[in-house]
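Scroll down for the structure; my scribbles are underneath it.
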2 protein chains.
Amino acid sequence: MDPASDSCRSGRLCARCVLRPVAGQPGPGGDASCPFAPLAEPLRQLARGERLHAGGDELDGVTLVVEGALKSVCFAPDGEEQVLAFHLPGELLGLDALSAGRHGSDVVALSSAIVCQFPVDGLLSRATPRAVAQGRLLRAIGESAARDRPQVQLLLRRQAAERIALFLDRLLIRMQPPGESLVELTLPMSRDDIARHIGLALETVSRGFTRLQDDGVIRVLGRHIEIRDPDALARLARRS
Amino acid sequence: MDPASDSCRSGRLCARCVLRPVAGQPGPGGDASCPFAPLAEPLRQLARGERLHAGGDELDGVTLVVEGALKSVCFAPDGEEQVLAFHLPGELLGLDALSAGRHGSDVVALSSAIVCQFPVDGLLSRATPRAVAQGRLLRAIGESAARDRPQVQLLLRRQAAERIALFLDRLLIRMQPPGESLVELTLPMSRDDIARHIGLALETVSRGFTRLQDDGVIRVLGRHIEIRDPDALARLARRS
DNA sequence: CGGACCTTTGAGAGCAGTCAATGCTGGTGG
DNA sequence: CCACCAGCATTGACTGCTCTCAAAGGTCCG
């Protein structure tokens, strides 16, 4: 099997890739011709709960989520798990290891998942045919750096209701394909994971969801969420 | 005046540059030979309160803090200022704009400051003599991405005392030159700025400092902080 | 010396955390 | 097909911490 072509053989998998959307690239051959294929390792499949890598592990490379969802976690010295980020299809992870050479957090699959890894050697190589791809990658890196910022903004909100509304609103945006507008979604993570991600007790998260339901903003059935009033949700996320 | 050489003419200014510390580079010529000089614009001086750029501004380039301190702020829709980050000498800022092409937050000088800017064109250029510098830059980018993570970790702590201790401990680490161990420091930011950065009310921050003083961990005189028991501080930051 | 800004301190109310118990759901095996 | 079980989600009661409001004290600068 050819590792390079395997990782991007399927158009379905590459369609939402963050590395792809660049000026004109719909050329003949379609999705099969991923410009990053030469840099990638074979796709890797993960089972629910399986660990992609642990904090302290040597940097294997930057990772792209193709399917499923993962979380980055670290542990406070008292053993408390902190969820630093969720990683959805099309998003990059592992950038924080580019400098230190080793990962700063554990990354665990929330469900069965497929990822695409780019060895760091390829990224740092100064071979010229890859220069264009490198530029594109630099942009993707900036994108990822930018994605951390909203998380900080969220955590700076001191009202639990605001945090929960913001979290939901942003997850919605990240999950919906460009142009579409999701009306319902199934959360890939537990209430506990959400709580550890937005800095609240899990009971507070649960109460928050219930409250949003009572107010007619969403409808909750466990992890299945129906958005009844997207504007109200956005308003709650942005105001107060 | 030659812009390129001006930006790194002074060894004093470049000594702590994040871009500099690479394998062997002490060669003759010393600090004057900054390998990034060809990529940089002339140094820029900022007065206290002066804005380097605003959120939404077109990306001018990645910025290195040479002297002084700055803060990145954004405003919640209700007008509340949120301090996303503080930027100290030797640190990079503006990475989050690499993808969108425009800055995501206002950056304001906390005191008079000097910065060194790298136009984005130079960074994306695939000219080969710069390839090495690009690799180094990629590492610096990863470093910056990694610096955002601790902020999230900090905000996930729910106890005010922990957040304050963590904030102080990390600021200490960032401010002390490698190898040295600071015993006292002068905070470049106000209690209000700290509060808006770690998600607390300014009164809570003030009380936290007082508490640390009462416990014999630090000594407080306004913005001047003396570390009386570094181990205790580290312990508070990492435990409970 | 005056004033603006920053910091500290106090008192009270409200919100979120903790502890505890019940309910629900999805998967497994009888 | 149903019973059971484990993990997850919801709800309630109570405590405690942090926010808010308010005022006084300090510091730095003009």
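Letters A, B, ... mirror the listed sequences (proteins, then strands); counts begin at 1.
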Is any side-chain N or O of Gln159(A) closer than 4.0 Å to OP1 or OP2 of dG14(C)? no

Below 4.0 angstrom from OP1 or OP2 of dC19(D), is there any side-chain N or O of Thr204(B)? yes

Position toward the 5' end of DNA chain D (nearest nucleotide), Val220(A) or Leu202(B): Val220(A)

Nearest whole angstrom, please: distance from the C1' of dC28(D) to the NE2 of His224(B). 16 Å

Nucleotide dC8(D), atom P - distance to CZ of Arg196(A) in whole Å: 11 Å

Shortest side-chain distance from Glu203(B), nucleotide among dT8(C), dA16(C), dC21(D): dC21(D)

Rounded to whole angstroms, how far apart are CZ on Arg207(B) and C1' on dG10(C)? 7 Å

Any Arg191(A) side-chain nitrogen or oxygen under 4.0 Å from OP1 or OP2 of dG7(D): no

In this structure, are over 12 heavy atoms from other groups packed under 6.0 Å from Arg44(A) atom CZ? yes

Within the structure shown, what part of the strands sits under 4.0 Å from Val205(A) by heavy-atom distance: base, sugar-phosphate, or nothing? nothing

Let's see if you can work this out: which of dG17(C), dT11(D), dT7(C) has an atom nearest to the side-chain heavy atoms of Ser206(A)? dT11(D)

Short side-chain N/O contact from Arg223(A) to OP1 or OP2 of dC8(D), under 4.0 Å: no

Just checking, is any N or O donor in the side chain of His197(A) or Gln82(A) under 3.5 Å from an acceptor N or O on the other one? no

Should Glu226(B) and Arg228(B) count as an ion pair when the cut-off is N to O under 4.0 Å? yes

Using whole Å, report how far CG of Leu187(B) lies from P of dT8(C). 10 Å

Between atom CG in Asp192(B) and atom P in dT20(D), what is the gap in whole Å? 12 Å

Would you call Asp215(B)-Arg211(B) a salt bridge at under 4.0 Å N-O? yes

Consider the side chain of Leu200(A), meaning its heavy atoms from C-beta on, and name the nucleotide among dT10(D), dG17(C), dT8(C) that approaches it most closely. dG17(C)

With sugar-phosphate meaning primed atoms plus P, OP1 and OP2, does Gly199(B) contact a base, only sugar-phosphate, or nothing at under 4.0 Å between heavy atoms? sugar-phosphate

Are the charged groups of Arg102(A) and Asp57(A) less than 4.0 angstrom apart, N to O? no

Taken to the nearest whole Å, CZ/Arg158(A) to P/dG14(C) is 17 Å

Most 5' of Met189(A) and Leu221(B) on DNA chain D, judged by nearest nucleotide: Met189(A)

Asp214(A) CG - dT10(D) C1' separation (whole Å): 12 Å

Separation of Ile194(A) atom CD1 from dA16(C) atom C1', in whole Å? 17 Å

Looking at Thr210(A), does any N or O in its side chain come under 4.0 Å of the phosphate oxygens OP1/OP2 on dT11(D)? yes

